Number of protein chains: 2
Amino acid sequence: MLIRIDPSSSEPLFAQLAAAVRGAAARGELRAGERLPGARELADSLGVNLHTVLRGYQQLRDEGLVELRRGRGAVLTEQATNGLAGLRQAVADVVTQARRLGMTDNDLIDLIRTEFR
Amino acid sequence: MLIRIDPSSSEPLFAQLAAAVRGAAARGELRAGERLPGARELADSLGVNLHTVLRGYQQLRDEGLVELRRGRGAVLTEQATNGLAGLRQAVADVVTQARRLGMTDNDLIDLIRTEFR
DNA sequence: ATATTGTTCTAGCTCTACTAGAACAAGTTC
DNA sequence: GAACTTGTTCTAGTAGAGCTAGAACAATAT
């Protein structure tokens with residue numbers, strides 16, 4: 001898997017990392033049960049700190065996309081690869097866009113309901 | 001126009017302010033040529049600093065949504081009133097994707113609510 | 001002329017993100 | 001069982017963004 005990070009972006013590094021994994025899983029580049037690189041190793045290869053990678057991994061865990069276990073590393077869950085991850089990413093993008101327009105969650109939900117008919 | 005701001009949000013105050021104006025324009029609550037409140041006045045009524053409001057206004061100017069002139073204030077441009085089209089398209093895409101996964105509108109709305117936090 | 005309103009500058013405070021290093025705990029591997 | 005791997009937790013320091021504050025200034029409106 002290829003993970004790229006832009007240090008000059010205003011998006012935090014750990015968030016970029018999480019987004020990269022989310023996207024790779026959604027596009028089928030990663031499968032359930034597959035292991036992500038160890039945090040120390042990935043930190044080295046990206047030129048960032050161990051804690052930064054771990055924070056990204058922990059965010060993915062909070063979203064239910066990976067399981068973290070000592071001695072074993074970060075393993076993709078079913079949820080990460082069942083397409084939900086892709087939808088999640090799309091939803092995140094829409095939410096960002098809606099926020100930029102100053103919409104509340106309910107404003108956006110109205111739009112969704114309209115579109116669902 | 002009603003501008004509300006949440007000091008406890010992780011979204012910067014100046015960005016919230018810009019979003020509020022963007023959204024009001026996108027929803028048609030504001031029209032091209034209309035004047036926004038003066039920065040000092042708005043800062044007072046929101047309980048934030050003059051510079052914070054000005055930074056929000058400047059961001060809107062950088063986006064081409066308002067023109068700023070001394071003695072005159074912030075005036076909405078034509079461009080400010082065309083925002084919804086992109087979001088509508090993104091929402092349509094998300095709904096299609098959700099349908100493909102067999103989700104109901106309420107399933108999707110749960111996702112939106114989660115993401116909005 | 002006078003008042004209004006954005007512009008610019010300096011300064012200080014707080015919080016987040018990132019880095020760094022160390023010790024620790026749970027799991028894997030042999 | 002022993003050694004190794006890997007995430008977890010803790011402390012600590014640095015840099016930058018965001019916000020506030022106050023003042024002086026410049027262009028425009030009335």
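Below, chain A is the first sequence line, B the second, and so on; all start at residue 1. Source: prediction; values computed, not measured.
Rounded to an integer number of Å, the gap from B:Phe14 CZ to D:dT20 P is 12 Å. Between B:Asp44 atom CG and D:dA21 atom P the separation is 11 Å, expressed in whole Å. Taking atom CZ of A:Arg61 as the reference point, atom C1' of D:dG7 lies 9 Å away to the nearest angstrom. Computed from coordinates, the A:Glu11 CD to D:dA17 C1' distance equals 15 Å when rounded to whole Å.
Placement of B:Leu68 and B:Leu60 within a single hydrophobic cluster is found when ILVMFWY residues are connected by side-chain heavy-atom separations under 4.5 Å, directly or transitively. Linking ILVMFWY residues whenever their side-chain heavy atoms come closer than 4.5 Å, directly or via other members, places B:Leu87 and A:Val95 in the same cluster. No path of Ile, Leu, Val, Met, Phe, Trp and Tyr side chains, each step under 4.5 Å between heavy atoms, connects A:Phe14 with A:Leu46, placing them in separate hydrophobic clusters. By the criterion of side-chain heavy atoms lying less than 4.5 angstrom apart, applied directly or through intervening Ile, Leu, Val, Met, Phe, Trp or Tyr residues, B:Val66 is grouped together with B:Ile5 in one hydrophobic cluster. Taking hydrophobic clusters as Ile, Leu, Val, Met, Phe, Trp and Tyr residues chained together by side-chain heavy-atom distances below 4.5 Å, B:Val48 shares a cluster with B:Ile3.
A:Asp93 contributes no side-chain N or O that, together with a main-chain N or O of A:Ala90, makes up a donor-acceptor pair within less than 3.5 Å.
For the salt bridge (Lys or Arg N to Asp or Glu O under 4.0 Å) condition, the pairs that include at least one residue of residues 3-23 of chain A, sequence neighbours left out, are A:Arg22-A:Glu63.
For the helix from C:dA1-D:dT30 to C:dC30-D:dG1, the angle separating the two terminal helix axes comes to 40°, with each axis derived from five pairs and the value rounded to 10°.
Between A:Leu13 and B:Ala74, the one whose closest nucleotide on DNA chain C sits nearer the 5' end is B:Ala74.
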* Under the side-chain hydrogen bond (donor to acceptor under 3.5 Å, both in side chains) criterion, do A:Asn106 and B:Arg113 qualify, and how do the steps go? -> CA-CA 9 Å; A:Asn106 286 325; B:Arg113 287 223 155 88; 2.9 Å; yes
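First and last contacts of DNA chain C with chain B, using any nucleotide atom under 4.0 Å from a protein heavy atom and ordered 5' to 3', fall at C:dT4 to C:dC9.
B:Arg31 CZ: 12 or fewer foreign heavy atoms inside a 6.0 Å radius.
Between the side chains of B:Thr104 and B:Asp107, at least one donor N or O lies within less than 3.5 Å of an accepting N or O.
Closest of all the heavy-atom pairs between B:Leu13 and B:Pro7 is CD2-CA, 3.9 Å. Nearest approach of A:Gly33 to A:Val75, heavy atoms of both residues: O-CG1, 3.4 Å.
If you check residues 64-71 of chain B against DNA chain C, the residues with a heavy atom closer than 4.0 Å are B:Leu68, B:Arg69, B:Arg70, B:Gly71, listed by number. Taking every heavy atom of residues 48-58 of chain B and every atom of DNA chain C, pairs under 4.0 Å involve B:His51, B:Leu54, B:Gln58, by number.
Checked against salt bridge (Lys or Arg N to Asp or Glu O under 4.0 Å), A:Glu67 has the following partners two or more places apart in sequence or in another chain: A:Arg69.
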